[in-house]
There are 2 protein chains.
Amino acid sequence: MEKLYSIKDVAEHFDLPISTIRYYDKKGLLPFVSKNQAGYRVFSKSDFGFIQTICCLKNTGMPIEKIRDYIQLCMQGTSTIKQRKYLLQEHKQNVLDQQRILNESLKEINTKLDRYSSDDAFNIISTQIKYVETEKRTLNLHDPFLTK
Amino acid sequence: MEKLYSIKDVAEHFDLPISTIRYYDKKGLLPFVSKNQAGYRVFSKSDFGFIQTICCLKNTGMPIEKIRDYIQLCMQGTSTIKQRKYLLQEHKQNVLDQQRILNESLKEINTKLDRYSSDDAFNIISTQIKYVETEKRTLNLHDPFLTK
DNA sequence: TATTGCTCTAAACTATGGTTTAGGGTTTAA
DNA sequence: TTAAACCCTAAACCATAGTTTAGAGCAATA
């Protein structure tokens with residue numbers, strides 16, 4: 001049941017441009033990929049697992065260089081389990097931080113959307129504008145609003 | 001109680017480099033900021049509100065150009081409320097997508113961390129390595145593991 | 001009043017993560 | 001056996017989001 005896959009197969013499976021896969025290979029992210037006699041990359045099923053991991057780390061904002069470090073640790077066998085664990089624990093904290101920031105920002109966006117969607121949106125925004133204009137005038141600063 | 005603030009004050013408040021604030025101004029994100037006779041930027045309290053919004057959009061991955069568009073709509077007064085709402089609704093969907101991706105990726109990371117933290121980590125990883133090596137051998141591909 | 005610290009612009013530079021192009025070989029199917 | 005579809009590398013190119021530098025002016029204080 002074992003099968004070989006081309007770079008195109010991989011690109012389609014992960015919805016990535018072929019050029020990106022080549023780029024990742026050049027950056028050292030794909031040391032597990034073989035090449036055939038013609039110099040073509042040939043992928044096996046287990047390579048898909050590694051690439052899935054690469055996409056997961058990429059999607060959570062890990063820089064290419066660090067992904068490469070992680071993959072290289074994987075290639076060094078069981079002796080690097082502790083290092084991989086530390087690396088992923090640190091990254092997990094980054095992901096949790098990103099989630100927190102995203103949540104907080106989403107609240108701000110929802111607050112604004114509620115205002116814009118309110119029946120009273122016009123009056124709310126008008127009042128805000130007037131407040132800013134008053135403050136700017138008091139401080140002798142230019143009125144930033146373009147409403148002539 | 002009205003007060004003026006320098007670029008340094010703003011930088012410290014938002015924990016941004018001064019150079020970034022100048023960069024945002026150059027990119028058109030800060031049309032509400034005045035300058036004094038010496039050409040120095042002077043910020044008022046209400047400017048902090050706009051900049052808070054800019055940071056919120058930046059933190060959720062909105063490109064500079066789109067933030068500029070949003071701020072410019074704000075400066076055009078109440079007539080652009082509907083456009084602002086659409087812009088933010090679209091962006092909110094992006095944020096929700098980001099959250100989904102982050103959640104899914106976090107699950108994968110946790111799965112790996114569980115493995116690395118297990119008492120049986122060594123055996124689990126060993127077995128995985130052997131599986132890959134067998135597959136690669138069957139397909140006549142090189143063994144990517146560096147364990148001599 | 002002079003030093004220190006703050007500010008400015010313009011332009012060059014950097015980092016990251018790719019994409020595109022040029023030139024050329026391989027594979028498959030009609 | 002040839003055209004279409006694939007694959008390769010190297011190198012140039014691009015976009016985004018800044019940062020740094022150079023050269024200069026303003027402000028506060030000892």
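A, B, ... follow the sequence lines: proteins, then strands. Residue 1 opens every chain.
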Query raised in the report: When you check every protein heavy atom under 4.0 Å of nucleotides 2-17 of chain C, what one-letter string (B, S, -) results, 5' to 3'?
Result: ----BSBB-------B
Report task. Could you check how far NZ of K66(B) sits from P of dA15(D), rounded to whole Å? Result -> 18 Å
Query - Length of the CD1-C1' vector between I21(A) and dT19(C), whole Å - result: 14 Å
Report task. Among residues two or more places apart or on two chains, list those pairs meeting salt bridge (charged side-chain N to carboxylate O under 4.0 Å, His left out) that have a residue in residues 108-122 of chain B. Result -> none
Query raised in the report: Could you state the CD-C1' distance from Q37(A) to dT27(C), rounded to the nearest angstrom?
Result: 13 Å
Query raised in the report: Applying salt bridge (charged side-chain N to carboxylate O under 4.0 Å, His left out), which residue pairs with at least one partner in residues 66-84 of chain A are found, sequence neighbours left out?
Result: K66(A)-E90(A)
Report summary line: Rounded to whole Å, the CD1-C1' distance (I67(B) to dA17(D)) equals 11 Å
Query raised in the report: NZ of K27(A) versus C1' of dA10(D): gap in Å, rounded?
Result: 14 Å
Report summary line: Sequence neighbours excluded, the answer for side-chain contact (heavy atoms from CB on, under 4.5 Å) partners of N140(A) is none
**Report entry** Test item: side-chain donor near acceptor, N103(B) and Q99(A), under 3.5 Å
**Finding:** yes
Query - Residue S19(A), side-chain atoms from C-beta onward, closest of dT19(D), dT20(C), dG18(C) - result: dT20(C)
**Report entry** Of all pairs that satisfy salt bridge (charged side-chain N to carboxylate O under 4.0 Å, His left out), the ones with a partner from residues 35-56 of chain B, not counting sequence neighbours
**Finding:** K136(A)-D47(B), D25(B)-R41(B)
Query - Under the side-chain contact (heavy atoms from CB on, under 4.5 Å) test, residues paired with D143(A) that sit two or more places apart - result: E133(A), F145(A)
